[in-house]
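Take a look at the structure set out below.
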Amino acid sequence: MIQQTLIQILKNAVSAAAPELGLDPGRVPDPELSAPSRKGFGDWSTNVALVVAPHLGRPPREVAQAIAARVVANARPITRVEVAGPGFINLFLGRAWLHDVLREILESGIGFGRGEPRGERVQVEYVSANPTGPLHVGTARNAALGDSLANVLEAAGFAVEREYYFNDANRQVRLYGESVDARYLERFGRPAEIPEGGYHGAQVTEVAEQIAAEVGDSLVDVDSGVRRERILALAVERTMAGIRATLDRFGVHIDTWRSEAELRRSGAIDAAVAELGRRGYTYESEGAVFFRSTEFGDEKDRVLIRSTGEPTYFAADCAYVLDKAGRGFDHLIYVWGADHHGTVKRVMGAAQALGVDPARVEILIHQLVTLYRGGEPVRMSRRAGDYVMLDELLDEVGPDAARYTLVSRSPDSALDFDIEAVARQTMDNPVYYVQYAHARIASILRVAGERGIELVPWREASLDSLQEQAELDLLRTLAELPEVVTLAAAARAPHRLPRYAEAVAAAFHRFYAECRIITEDVARTQARLWLSVAAKQVLATTLEVIGVAAPESMERIGDGDR
RNA sequence: GCCCCCGUAGCUCAGUGGAUAGAGCACAGGUUUCCUAAACCUGGUGUCGCAGGUUCGAUUCCUGCCGGGGGCGCCA
């Protein structure tokens, strides 16, 4: 890749200039390359002189001059070097490097932009909604962010495992089970009541109906304790199946499912609590067992075992972090909504207390989503079971628009999601702009085929004939995919991909408007078709990471969607 | 009260300590005998919330304040 070549050249130049500058040759930093913010600043630039100058006590421009002088001497792809501004070194390249980028893209195929396997394993844990009802929109951002993060890490060369953890053995889910139980009994004309604090939503009735359809009235007359256990198990199973189906629609495919019940059954929870005790991080008070989370910056110590003997969710969290750590991942990434930020300190503390290297554990917090419809906030009441389900959202706006919108914003920003605006198939929706570019290319390639134009192998095509500004700009944009992926992965910032996708789409549309692709000029047609193929592939890769479809064709507005 | 996030163009938002801070939308005008006009081109606006500090250099890092959102239970 050109970047590596340039960095090496710069590094050599800095080393060569080191004696003159009084720079310790052992302390030559790796120069960083950046794409200049404006034209006229060359094809690539570096601030290495600005970084080094303070240590030398010399004016940055002088340092830059010294380095730049060495660059000219030994560089082949570079046609011109310039020192500019406070001390930037701008590199001007011959256009050939862009044609080489095109060759690289075509050579690498779908591998372009994807980093070499780096032998590091990452677990990303997300969604993790408890089986007390179907997924609602509150979870949607978590699912979209977590999944795209997993995708981008994978693209950057990490070995990624997607995990979903759920609490199916605690008080809340038991209440849910009892609510379903009540509906089940009612279904067969038995008197029953939803317990206090239970669930009243229509979904509860639905699950009860499903269970009734499956087992009939066979459970009505069995012992209530046994019945509740059976109903609870069936309800969890049913609910999780529903969640899985919704995630599937949303393009989220989980590799591993971990549950609190498993942790309990295996004794992992007791073991974790005992381990904390052995390490001196617990104490008893008023019949409950507490974890000394204040030693890790938490506001107060947290209960592990209630005075009733029941472990808390937090106790399960402790077992779970040990469980994760024991599976050999280099990075454990939790994706949580801002409503959980209060638990960060205690979980990080527990990890540390249990001997898990805190550097391996990352908790990525995203801000919450406020739902609007036509500018009006959509009020949701949890108690009445009155919230918008993810399935309904997908029915209304479609999975692609939903995912694209949710991934587009930085996790740190609260997100206003207006159902009407997102459902609208207009330019309010960059997702269609990007998908259209992909579909447009597919269409062009189809037309070329229909007209009997066969693509010659790209090695035989005169790619160097691409010299129009729009062609060069598009190539330049395509060349950025690898660093976009690398940076997005490193910063855990998948929202950079939609931005990039828009830039690629824009560059292609401009190229399309300015350069007719299929013409009488056979050689030029071949070159432009190959450029289009490369653009299509970069778009497809980017869209895949975002988690939306790359359509081969799109119908006109008003002719229905996708 | 304590904790977290945000405050950048009329709106929605980008912006790994660097050069003259960027996109889209909205608004106005223009472009199609031709590969998808869901497109393209041309128009312009910023006390980067305020005040200090660190730095050769701050929208970016630190502190305080103001404004908005969210979280703080032997609930999840």
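This structure is a prediction, so every number in the text was calculated from the model and none was measured. Numbers restart at 1 for each chain; the letters A, B, ... are given by sequence-line order, proteins then strands.
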Gap in Å between the two C1' atoms, one belonging to B:A58 and one to B:A19, rounded:
14 Å

Geometric cation-pi criterion A:Arg440 and A:Phe508, 6.0 Å radius, 45° cone
no

So what does A:Glu310 hit on the nucleic acid, given a heavy-atom distance under 4.0 Å: a base, only sugar-phosphate, or nothing?
nothing

Using a strict 4.0 Å threshold on nitrogen-to-oxygen distance, state whether A:Arg446 and A:Glu450 make a salt bridge.
no

By nearest-heavy-atom nucleotide on RNA chain B, the more 5' of A:Ser443 and A:Pro60 is A:Ser443

Hey, does the side chain of A:Arg496 come within less than 4.0 Å of B:U16's phosphate (OP1/OP2), counting only N and O?
yes

When rounded to the nearest Å, what value does the distance between P atoms of B:G64 and B:C4 take?
10 Å

With nearest nucleotides of RNA chain B determined for A:Leu415 and A:Ala338 from heavy-atom distances, which residue corresponds to the more 5′ nucleotide?
A:Leu415

Using a distance-only criterion (donor-acceptor N/O pair, under 3.5 Å, no hydrogens), is the base of B:C34 paired with the side chain of A:Arg516?
yes

Donor/acceptor link under 3.5 angstrom from A:His509 side chain onto base of B:C40:
no

Between the side-chain atoms of A:Ser307 and the base atoms of B:C74, is any donor-acceptor pair under 3.5 Å?
yes

A:Ile517 has a side chain; which of B:A19, B:C35, B:A14 sits nearest to it?
B:C35

Checking contacts here: which listed nucleotide (B:C6, B:A19, B:G71) is nearest the side-chain heavy atoms of A:His341?
B:G71

From the candidates B:A14, B:C3, B:U36, the one with an atom nearest any side-chain atom of A:Glu299 is B:C3

Looking across every strand, which nucleic acid part, if any, lies under 4.0 Å from A:Ala84 by heavy atom: base, sugar-phosphate, or nothing?
base

Please confirm whether the shortest side-chain N or O distance from A:Tyr432 to OP1 or OP2 of B:C25 is below 4.0 Å.
no

Pairing pattern in dot-bracket form [Watson-Crick, G-U; both distances under 3.5 Å; | = partner strand] for RNA chain B:
(((((((..((((....[...)))).(((((.......))))).....(((((..]....))))))))))))....

May I ask you to check whether A:Asn90 and A:Glu82 show a side-chain donor-acceptor distance below 3.5 Å?
no

What nucleotide, of B:G73, B:U36, B:A14, holds the atom closest to the side chain of A:Arg302?
B:G73

A:Tyr433, nearest nucleotide to its side chain (from B:U36, B:C74, B:C40):
B:C40

Under 4.0 Å between any heavy atoms, over every strand shown, what does A:Leu368 touch: base, sugar-phosphate, or nothing? Just pick one.
sugar-phosphate

Donor-acceptor pair under 3.5 Å, A:Ser410 side chain vs B:A14 base:
no

A:Arg306 side chain: which of B:C75, B:A14, B:C35 is closest?
B:C75

Does the side chain of A:Gln435 pick up a donor-acceptor pair with the side chain of A:Asp400 at under 3.5 Å?
yes

So, are A:Glu310 and A:Arg171 salt-bridged, with charged N and O less than 4.0 Å apart?
no

side-chain N/O A:His340 vs B:G70 OP1/OP2, d < 4.0 Å:
no

Would you say A:Arg499 places a side-chain N or O within less than 4.0 Å of OP1 or OP2 belonging to B:A23?
no

Distance under 6.0 Å and angle within 45° of ring axis: A:Arg118 vs A:Phe158
yes

Classify A:Ala53 by what it touches in the nucleic acid, base, sugar-phosphate, or nothing, heavy-atom distance under 4.0 Å.
nothing

Answer yes when A:Glu520 and A:Arg451 have at least one side-chain N-carboxylate O distance shorter than 4.0 Å, and no when they do not.
no

Contact under 4.0 Å: A:Thr343 side-chain N or O vs B:C72 OP1/OP2
no

When you measure from the side chain of A:Val303, which nucleotide among B:G18, B:G71, B:C74 comes out closest?
B:C74

Quick check on B:C35: is either OP1 or OP2 less than 4.0 Å from any side-chain nitrogen or oxygen of A:Arg440?
no

A:Pro86 side chain, from C-beta outward: closest of B:C74, B:G18, B:U16:
B:G18

For a quick check of understanding: with a heavy-atom distance under 4.0 Å over all strands, which category does A:Asp317 fall into, base, sugar-phosphate or nothing?
nothing

Spacing of the P atoms in B:G24 and B:U20 (rounded, Å):
23 Å

Side-chain donor or acceptor of A:Ser443 paired with backbone N/O of A:Ala439 under 3.5 Å
no

Whether A:Arg496 side chain and A:Val485 backbone form a donor-acceptor pair below 3.5 Å
no

Under 4.0 Å, counting only non-hydrogen atoms across every strand here, what does A:Thr370 touch: a base, just sugar-phosphate, or nothing?
nothing

